[in-house]
Amino acid sequence: MPVFKVPFNGYSVKFSPFYENQLAVATAQNFGILGNGRLHVLQLGPAVTERAAFDTADGVYDLCWSESHDSLIVAAVADGSLKIYDLSLPPASNPIRSLHEHARECHGVDFNTVRKDSFLSASWDDTVKLWTVDRPASVRTFKEHAYCVYSAAWNPRHADVFASASGDCTTRIWDVREPGSTMILPAHEFEILSCDWNKYDDCIIATASVDKSIKVWDVRSYRVPVAVLNGHGYAVRKVKFSPHRGSLMASCSYDMTVCLWDYMVEDALIGRYDHHTEFAVGVDMSVFVDGLLASTGWDELVYVWQHGTDPRAP
Amino acid sequence: MAAPADPTPSSADQNPQTPAVEQTTVDDRRGSKVEVVKESYPSSVFVNSEPIREEQVQNAVKFLSHPKVRGSPVIHRRSFLERKGLTKEEIDEAFRRLPDPTPSVQTTEPVVTNQDGKIKSSADVQTQAPTQVVQSNPVLPGGNTLKLETDSRFHWSYAILAVGFLAVSGAGTVVLFKNAIIPRLKSWICKVASEDEEGLLKKNNGKPSIAEEAATAAKVAAAAASDVAEASRQMLMIKSEEKKCFEELMGLLNAQVHELRSMMTAIKMLEGGRSRNGKLVVEQHDDERFLGTSSKQPYANGKTVLGSHSVRSSSRPAPADPSVAPHPKSYMEIMTMIQRGERPSNIKEINDTPPNPNQPLSNPRLAPRPKPWEVSQPQTNSTNILQTQESSKSSNYKFPSNPLSGGDAALWWQRKNVRITELEAGNEKKPGSSNVLGNEQSAKRSWVPPQPPPVVMPEAAAVIRQPKKPSYQKEQTTDNQLLAPSPDVTDELPRITRIPEAGGSTEANGKTSVLSSSDEIQAEENSRY
């Protein structure tokens, strides 16, 4: 299975929604504390090759592919800006946009898969902003969280609904047509680092927290979680529902492992991979190949492997 | 003074109440607005549908009334209540019920740019105006000011009290000086004078006392000196110990260095003299007992029988080149470096600004592919609404979703769930669309869906469409009240839920799925009449 070494510490990895052998990696120098950043676009094959790389002044914390343009990538940069890159243009013309409105680091970015023209940015300035690619300014700002917002995720079926995960220990559900949040889930007692919707049941949302657990919630009865998934040894950094199977999700954690869960099953942990030698910070599942996983971490490595196989096998 | 002063306090009295009244009415209005919204989406699952829990609200009121909580920022109070599981409505209700509505309460509402915000800001202005009026007439401090419960009043009386206190304390110290200190000074001066007179007499008597004092002082000094000496002695001891440890460490390091050097030479010899049977300075066995070695490396006793050691040496894997690439610094090292103010040396100056901020986007080469969850289950956006209308499926998602705006015309053909937009100003991801930012911000529906697709087959459209001229004009406008003309349709929901039926019926007719929105609705309405 291919492994790719990047020069900086990995922060996020995302498969392309257009090409099944393409993925992008967001990296930041010096563990993202202070330094430059780089966005890599990789091509899978017998070996992993780098198709493009873009340098940034500050670390890149997250990225998302456009759902409408096969060559556009949005990068969330630690200086609070969002950079848009067009792969079909020569590197000298990139980035094509720099959207700078956040007062603090941009930590998460997510593209709308239903309407395919807008994206959200989650920032440590406690706000979430809504953008479209053709506008230089944000369309909406959602300011209600009392602390850093770490991630925002669009609902896979409802074009106007999204969720945000914040360090104020709540997850909020928003509707872009409403002025404020429509639901507040006090999901954990500690900071919530990531959230994601179930692709096959749009009322199910999973939240991952510093308290080492992942909780699965049904927004229709949100007082009690549907499932609590314990098994990670440290904070869970990212959670991602499978695009192919309804109850399957992947998570990565500061315990350097990537775990696979099925929350409908009694023993939910169905796979654990400890291939990383530093914090595992980014994980993604391919929409084209069922069971294809990608992960990256602070050990400056990007792994792509099939569930059930050893990521480090050559 | 009294006459003009009287009306102002009374008017000021009323005014603080009116903002409160206004505030409640605003909140009621807002609450009713929220309810209206909820009624129009009765079963939207992404909204709290629980009624307000009285117990939680009362607990919240108690929490908010606590004096310590009063001093904390409002955002922290709200965050605490949210973490305890209270819904927005319950938190708002608790703030409303607080016994003393302060201006800070108004800041708890989320930042919105709609009518509610404007009304509240006008209420704020009203509270401030009467206070300024009364401040300009400084009536007697204390009594009159205490009647009115605005913050500026308290500042006045507090300031006056503080000034008075300072004056009193100043006067007191002066008095103290006069009464106590000056007599002491006088007496001291007298003493000195008298001592001079008696000095000669008391000299002899004074000497022994002086001598005693000197003796005690000398003893104390001696004790202090001895302490100092001890301390310095201990320090010396510690230093010597440290020196010893250092020397040991140095010795060990030297030994290691020598070991490495010897290994290097051995390797060089091995690589160089592989064909030769000669001098192999084999020191490998030394690193096994390096801990005990002294600084002088036993090169002499390193030479051993060639055979055995060559086997051993050749069987050992070649160690890495000592001049290896710098090991990446650990996270903690970088953190401490930055906390000390140092900048890591590997950071470069990079200019990542866009070379052309108006660079036009390239055309997409591929149409968006459907997601696995969209393909395996029928598109629920449209089918849910369709089925709710037919009441065949118990779906909860009655609130409408905006259409899947495809990038190209091909998409519209692919997508079977052509959903018509909520006919507000169109927003499109295609470049060159009109900017309707202001429109969005003011409307409650702040999301601006794409423009309706163009008519592809006019003949088909004409067949379906009832010939009604105004509909063409409506199609062109990008107004919120696009569908207002129909008197029956005041609520948006029926309008919107009718739309997919139009889409479904047109498909059933086998016509194109690409139709303009208003035409379809007109068709529906006409068919119903």
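Chain letters run A, B, ... following the sequence lines, proteins first, then strands; residues in each count from 1.
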Rounded at 0.5 Å granularity, tell me how far [atom1] in [X] sits from [atom2] in [Y].
{"X": "B:F46", "Y": "A:I173", "atom1": "CZ", "atom2": "CD1", "answer": "6.5 Å"}
{"X": "B:L361", "Y": "A:H69", "atom1": "CG", "atom2": "NE2", "answer": "5.0 Å"}
{"X": "B:S330", "Y": "A:F31", "atom1": "OG", "atom2": "CZ", "answer": "6.5 Å"}
{"X": "B:T353", "Y": "A:K83", "atom1": "OG1", "atom2": "NZ", "answer": "7.5 Å"}
{"X": "B:W373", "Y": "A:N198", "atom1": "CH2", "atom2": "CG", "answer": "10.5 Å"}

For [Y], is there any backbone N or O sitting under 3.5 Å from a side-chain donor or acceptor partner on [X]?
{"X": "A:N36", "Y": "B:K348", "value": "yes"}
{"X": "A:D70", "Y": "B:R365", "value": "yes"}
{"X": "B:R83", "Y": "A:E189", "value": "no"}

Tell me whether [X] is salt-bridged to [Y], with the criterion being a basic N under 4.0 Å from an acidic carboxylate O.
{"X": "B:E50", "Y": "A:R223", "value": "yes"}
{"X": "A:K199", "Y": "B:E374", "value": "no"}
{"X": "A:E67", "Y": "B:K371", "value": "yes"}

Where [X] and [Y] come nearest, the two heavy atoms and their spacing:
{"X": "B:P364", "Y": "A:S68", "value": "CB-O, 3.6 Å"}
{"X": "A:A146", "Y": "B:I75", "value": "CB-CG1, 4.0 Å"}
{"X": "A:E20", "Y": "B:R369", "value": "OE1-NH2, 4.4 Å"}
{"X": "A:R220", "Y": "B:V45", "value": "CG-CG1, 3.7 Å"}

Contacting region of [X] [heavy-atom separation from chain B under 4.5 Å]:
{"X": "A:T170", "value": "side chain"}
{"X": "A:R245", "value": "neither"}
{"X": "A:A163", "value": "neither"}
{"X": "A:T56", "value": "both"}
{"X": "A:F288", "value": "side chain"}
{"X": "A:L72", "value": "side chain"}
{"X": "A:S181", "value": "both"}

Among B:N346, B:N358, B:N351, B:N363, single out the residue with the greatest number of heavy-atom pairs under 4.5 Å to chain A.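 Heavy-atom pair counts peak at B:N346.
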
Return the option, out of [options], with the maximum number of heavy-atom pairs under 4.5 Å with chain B.
{"options": "A:P136, A:P186, A:A187", "value": "A:P186"}
{"options": "A:D58, A:N9, A:D168", "value": "A:D168"}
{"options": "A:L34, A:N155, A:V287, A:N30", "value": "A:N30"}
{"options": "A:P243, A:G246, A:S66, A:G35", "value": "A:P243"}

Option from A:Y254, A:W298, A:F279 for which ring-ring contact (aromatic ring centres under 6.0 Å, His included) with B:Y331 holds: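 It is A:W298; the other options fail the test.
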
Side chains of B:Q359 and A:R97: does their closest heavy-atom pair fall under 4.5 Å?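 Contact flag for B:Q359/A:R97 side chains = yes.
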
So, do B:N356 and A:I96 sit near enough that their side-chain heavy atoms are less than 4.5 Å apart?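 Sidechains of A:I96 and B:N356: no contact.
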
For A:Y19, does the OH atom have more than 12 heavy-atom neighbours from other residues, nucleotides or ligands under 6.0 Å away?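 Above 12, so yes.
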
Is it the case that more than 12 heavy atoms not belonging to B:E55 sit under 6.0 Å from its CD atom?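 Open.
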
Does any donor atom in the side chain of A:D86 or B:S362 lie under 3.5 Å from an acceptor atom in the other side chain?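 Yes, side-chain donor-acceptor contact under 3.5 Å.
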
Between B:N48 and A:Y222, does any side-chain donor sit less than 3.5 Å from a side-chain acceptor?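 B:N48 vs A:Y222: donor-acceptor pair found between side chains.
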
Heavy atoms under 4.5 Å from chain B: which residues of residues 74-82 of chain A carry them?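 Within residues 74-82 of chain A, near chain B: nothing under 4.5 Å.
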
